[in-house]
Amino acid sequence: MTANDGAVTRSEQDRSLSFGAEAAAYERGRPSYPPDAINWLLPDGATTVLDLGAGTGKLTTRLVERGLDVVAVDPIPEMLELLSNSLPDTPALLGTAEEIPLPDDSVDAVLVAQAWHWFDLDRAVKEVARVLRPGGRLGLVWNTRDERLGWVKELGRIIGHEDDPFNATVTLPEPFTAVERHQVEWTNYLTPQALIDLVASRSYCITSPEKVRTRTLDRVRELLATHPALANSTGLALPYVTVCIRASLT
């Protein structure tokens, strides 16, 4: 999908639904989201929040920890199963951004982590507006690796760079207004195996032919074994820039 085209191709749809095959790796390897980003995304006084495209619950967990009334929605049963295992008291519903299984005017905020680019935007915007209460907030967030550090740049050469123009150029149409952007720089600490899981859980890796997938993971293992900043290390510091976008429902 591009920033100028709200349609989702069949191949992109297949990629968006591929994560179930590596749900456990996704949970082990993917980072959470920094508190400063979540603070910025949530409107003052919000009590009910929809985590749309919740996956295994990386963002959901942070919202529940704040004492919010959270509903998680995702189209992939394997992802929701892991979410429910860790958050058994949080409603976890099968559904899509284009057909959200919630009533009208039912939440104060809809947050979308790492998923907006998978949606059919025309239909998703209408559905998000339907479930939001008047004056409610739509918040989008992506974690992107900060490749200014040498080994992270090398990782990008292997698995693809994350300078995603969609994050920088995405716009939200009416009835959403007052669109704002914000970035948070932070560091995620993980093990070498978690880095392997991070790569294994990326959609392009999941959907690649087996030989390509194996070669990619082997190159990451070689980087871990040979790069001066990584060799013999039991813990890695992976820097991120978290990109946030928020807008209000008029």
Side-chain angles (χ1 to χ4, degrees), residues 1 8-34 37-38 41 48-66 68-102 107 109-121 123-124 127-128 131 138-145 159 162 164 166-167 188 190-191 193-208 213 217 240 242:
M1 185 186 302
V8 179
T9 67
R10 180 53 185 255
S11 63
E12 286 168 337
Q13 185 179 49
D14 290 343
R15 285 180 62 196
S16 73
L17 297 174
S18 68
F19 296 107
E22 290 290 345
Y26 190 105
E27 174 61 20
R28 291 191 303 264
R30 292 294 182 109
S32 185
Y33 298 90
I38 300 172
L41 289 167
T48 55
V49 180
L50 165 61
D51 185 0
L52 184 57
T56 63
K58 290 290 184 177
L59 178 60
T60 319
T61 299
R62 298 292 169 257
L63 298 172
V64 169
E65 287 172 349
R66 291 166 177 253
L68 297 166
D69 183 7
V70 185
V71 177
V73 170
D74 197 87
I76 303 176
E78 295 91 340
M79 305 287 267
L80 286 182
E81 181 179 0
L82 289 177
L83 187 153
S84 292
N85 287 342
S86 59
L87 299 170
D89 297 327
T90 299
L93 308 178
L94 273 174
T96 66
E98 297 80 15
E99 295 185 31
I100 299 173
L102 291 179
V107 295
V110 175
L111 299 190
V112 182
Q114 223 75 21
W116 186 255
H117 53 292
W118 296 120
F119 300 164
D120 181 321
L121 300 186
R123 295 173 63 197
E127 273 291 89
V128 170
V131 301
L138 170 61
L140 316 179
V141 59
W142 292 265
N143 283 322
T144 59
R145 295 185 310 274
I159 68 175
E162 279 198 321
D164 185 355
F166 183 85
N167 294 348
N188 185 47
L190 69 168
T191 65
Q193 181 56 50
L195 184 66
I196 297 293
D197 289 328
L198 171 65
V199 176
S201 73
R202 292 174 64 88
S203 61
Y204 84 87
C205 194
I206 298 170
T207 57
S208 291
R213 174 180 167 82
L217 295 176
Y240 279 94
T242 295

Measure the shortest side-chain to side-chain distance between S32 and N188 over non-hydrogen atoms and say whether it is less than 4.5 angstrom.
no
If I take atom CG from residue L52 and atom CG from residue L93, how far apart are they, to the nearest 0.5 angstrom?
11.0 Å
Looking at D51, L102, L138, which one forms a side-chain contact (heavy atoms from CB on, under 4.5 Å) with V110?
L138
Residue list, salt bridge (Lys or Arg N to Asp or Glu O under 4.0 Å) with R145, at least two apart or on another chain
E147, E162
Quick check: closest heavy atoms across K58 and R62, and the distance to 0.1 Å?
O-CG, 3.8 Å
Can you name the closest pair of heavy atoms from N143 and P31 and give their distance?
ND2-CG, 3.6 Å
Would you find more than 12 non-hydrogen atoms of other residues, nucleotides or ligands less than 6.0 Å from E65 atom CD?
yes
Separation of L82 CG from L87 CG (nearest 0.5 Å):
11.0 Å
Minimum-distance pair of heavy atoms, taken over all atoms of V73 and P101
CG1-CD, 3.9 Å
With sequence neighbours left out, write down each residue that passes side chain to side chain donor-acceptor pair (under 3.5 Å) with R66, or none if nothing qualifies.
N39
Could you measure the distance from the CD1 atom of I159 to the CG atom of L195? Nearest 0.5 Å is fine.
7.0 Å
Mind checking whether L121 and W116 have side chains closer than 4.5 Å, heavy atoms only?
yes
Please find the pair of heavy atoms, one from W142 and one from Q114, that lie closest to each other, and give the distance.
CA-OE1, 3.4 Å
For E81, which residues count as a side chain to side chain contact (heavy atoms under 4.5 Å, CB included) partner, sequence neighbours excluded?
N85
Non-neighbouring partners of L94 that pass side chain to side chain contact (heavy atoms under 4.5 Å, CB included), sequence neighbours left out:
P77, L80
What is the distance from atom CD1 of I38 to atom CG of L59, rounded to the nearest 0.5 Å?
5.5 Å
Is any side-chain heavy atom of V107 closer than 4.5 Å to one of V71?
no
Without swapping roles, check the side chain of E98 against the backbone of E127 for a donor-acceptor pair under 3.5 Å.
no
Sequence neighbours excluded, which residues qualify as side chain to side chain contact (heavy atoms under 4.5 Å, CB included) partners of A37?
P34, V184, T242, C244
Closest approach of V128 to I100 (non-hydrogen atoms, all atoms of both residues)
N-CD1, 4.0 Å
Check whether any side-chain heavy atom of V64 lies under 4.5 Å from a side-chain heavy atom of D89, and answer yes or no.
no
Looking at residues at least two apart in the chain, or sitting in another chain, which of them share a side chain to side chain contact (heavy atoms under 4.5 Å, CB included) with D69?
T48
Which heavy-atom pair separates A54 from L83 by the least distance, and what is that distance?
CB-CD1, 3.9 Å
Note, L111 side chain near Y33 side chain (heavy atom, < 4.5 Å):
no
Let me confirm one number: the CG-CD1 distance from L217 to I196, rounded to the nearest 0.5 Å.
6.0 Å
